[in-house]
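In what follows, a single structure is set out as structure tokens and then discussed.
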Amino acid sequence: MKYMLIMRSDDAAVEAFKDIPFEEVIERMGRYNESLIDAGVMAGGEGLTDASEGVVVDFSSQPPVVTDGPYGETKELFNGFWILQVSSKEEAIEWASRCPLGPGSKLEVRRVTELEDFPQDNEWIQKEAQWIADAEAAKKAESAKKGD
Amino acid sequence: MDDAEAVSRRVAAVWRIESARIVATLARYVGDVGLAEDLAQEALVDALRQWPAQGVPANPGAWLTAVGKRTAIDAWRRRERLDHRYAAIAHDLENGLDPDAAPWDPDTIDDDVLRLIFISCHPVLAREQHVALTLRVVGGLTSEEIARAFLVPTATVQQRIVRAKKTLSAARVPFEVPERAEFPERLSSVLGVLYLIFNEGYAASAGEEWMRPELALEALRLARSLASLVPREPEVHGIVALFEFQASRFGARTTPAGEPILLPDQDRSRWDHTLITRGSAALARQDALGRGRGYYGLQAAIAQCHATALRAEDTDWERISVLYEALGRLAPSPVVELNRAVAVSMSEGPATALRIVDGLVASGALAGYHVLPSVRGELLHRLGRTEEARSEFVAAARLAGNDRERAVLRRKIDDVDAAS
């Protein structure tokens with residue numbers, strides 16, 4: 001089963017991180033990621049750029065309102081995620097607890113849905129399966145063009 | 001979930017992540033893998049007793065290691081005539097006992113885990129002991145879990161592990177990575193054990209279930225770890241690639257009711273494309289080492305042909321035939337030859353393939369192996385020789401080891417009957 005570790009930090013945590021030399025942050029996170037790879041559980045992950053570069057599309061009103069980030073009342077910012085392939089929820093939690101984060105940061109641990117979680121006779125579920133296949137086809141055609 | 005239950009699940013998760021490093025660290029100190037494993041297990045029992053009341057320590061792995069070391073020291077202290085050697089070890093151990101001290105030196109730990117893997121697959125042990133010990137001390141599985149995976153009684157697994165530990169102690173196997181001269185052979189033994197574990201999960205050799213993905217995924221996890229430990233060994237990347245490609249099909253290999261779905265009929269959109277990408281990356285890492293593809297690398301290349309074909313009819317059977325031929329030259333085997341026949345039947349037609357299969361039948365090498373009559377039946381069926389095809393499928397169904405495969409063969413018999 002796959003779990004997503006969703007990283008959220010509040011403003012204080014983001015500010016605190018700015019006091020630590022960038023190399024140190026990179027090294028700590030690098031070691032953590034290496035431990036995930038070495039254990040054979042890392043299935044993927046991405047970090048996000050600063051929230052000030054982002055925008056928010058708010059559906060509280062119609063049509064939705066688009067505002068530049070960072071966003072006024074928001075207490076926590078979402079800034080990255082990992083996907084781990086593990087054997088239990090506890091294992092995912094255990095890995096999450098080892099992440100080198102400090103006060104004001106949180107990791108939310110959520111199971112990634114699998115096709116089995118949805119009714120298989122639904123038209124949209126079947127379409128989605130097809131999209132995945134099409135995306136792979138496009139990727140393959142792209143790499144064939146590059147000649148690898 | 002009550003507290004004790006929650007803690008025991010937490011302990012299990014810690015154990016799964018840390019057991020190899022705990023046992024490996026203890027083994028370096030006490031010089032005996034069997035003793036180290038016993039000490040680690042005792043520490044685990046202590047954890048289950050203490051953590052519900054005291055809370056889980058900040059660094060549970062270090063805590064378990066420290067308790068294991070403490071137990072070892074106490075045992076030595078109790079000896080009536082404490083010889084100097086033990087006294088020295090006890091002294092060294094005591095100096096490294098603070099569980100909240102800086103984490104262990106990762107490089108030392110990595111070396112220790114590698115030693116542990118090699119010793120679990122040591123040539124003084126039998127293959128079934130390799131499997132049990134590897135899953136137990138490297139994979140952190142319990143005897144119950146191993147027993148369930150291999151459909152044997154728990155007592156049998158425990159017995160295998162106890163005997164294996166005794167054999168290692170009696171042979172005074174040093175806690176070392178093999179020397180250069182024997183390294184290739186020892187590594188290939190380790191890979192052989194992982195391969196066996198994966199295949200037992202991939203195509204269960206007995207019982208009702210056609211596959212036990214947890215077991216195969218455990219082999220994949222161990223192979224990935226091994227690749228991190230010995231990144232310069234091409235075949236380790238080869239076996240990782242092979243496992244990634246094979247595992248990518250787990251979600252598509254059975255119906256919700258557990259019936260097998262064969263490769264050409266699988267819904268390819270259900271393949272795990274993350275794993276396929278990882279498989280290709282692992283194969284590329286093998287190639288980058290510039291020492292060619294070996295037994296596992298060639299199999300991975302074949303699996304890659306399937307994994308990257310968008311539709312069954314896009315499969316490059318010609319390339320697969322060539323790869324099987326190369327595999328057969330490297331490691332001659334009637335099973336490989338049979339697989340080559342299947343590939344040839346797709347690229348050149350059933351008549352050419354039947355000649356290969358008939359050669360195998362004549363050699364008698366695969367007598368009793370249900371896939372041989374099954375493949376032969378398939379070829380005869382395609383050639384329109386339905387009577388002969390039917391009797392081959394009947395023979396195959398009689399030989400098949402698990403119920404799910406038998407059911408597939410019975411369906412083939414029905415198909416033949418319907419066609420004639």
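What's counted below: heavy atoms across the whole structure, side chains too, no hydrogens, waters or symmetry copies. Here is the naming used below: chain letters follow the sequence lines, and residue numbers restart at 1 for every chain.
No part of A:E34 comes within reach of chain B, as not one of its non-hydrogen atoms sits under 4.5 angstrom from that chain. The contact between B:L275 and chain A is made entirely by side chain atoms (from C-beta outward), counting heavy-atom distances below 4.5 Å.
Residues B:T274 and A:A43 share a closest heavy-atom pair of CG2-O, 3.6 Å. Here the closest non-hydrogen pair linking A:E94 and B:A13 is CB-CB, 4.3 Å. Across all non-hydrogen atoms, the minimal contact from B:S225 to A:G40 is OG-N, 4.1 Å.
Under a cut-off of 6.0 angstrom, the local environment of CZ in A:R98 is crowded, with over 12 non-hydrogen atoms contributed by other residues, nucleotides or ligands. Residue B:E318 places its CD atom among 12 or fewer non-hydrogen atoms of other residues, nucleotides or ligands, all under 6.0 Å distant.
Side-chain atoms of B:I17 and A:E91, non-hydrogen and from C-beta on, do get closer than 4.5 Å to each other. Two residues are said to be in side-chain contact when any heavy atoms from C-beta on lie closer than 4.5 Å; B:R16 and A:S87 meet this criterion.
Here A:E90 does not pair with B:R10 in a salt bridge; the nearest charged N to carboxylate O distance is not below 4.0 Å. Using a cut-off of 4.0 Å between Lys/Arg side-chain N and Asp/Glu carboxylate O, A:K2 and B:D272 are scored as salt-bridged.
For the residue pair A:S88/B:R9, the side-chain donor-acceptor check at 3.5 Å is not satisfied.
In this structure, the separation between CZ on B:R21 and CG on A:D38 is 8.5 Å, given to the nearest 0.5 Å.
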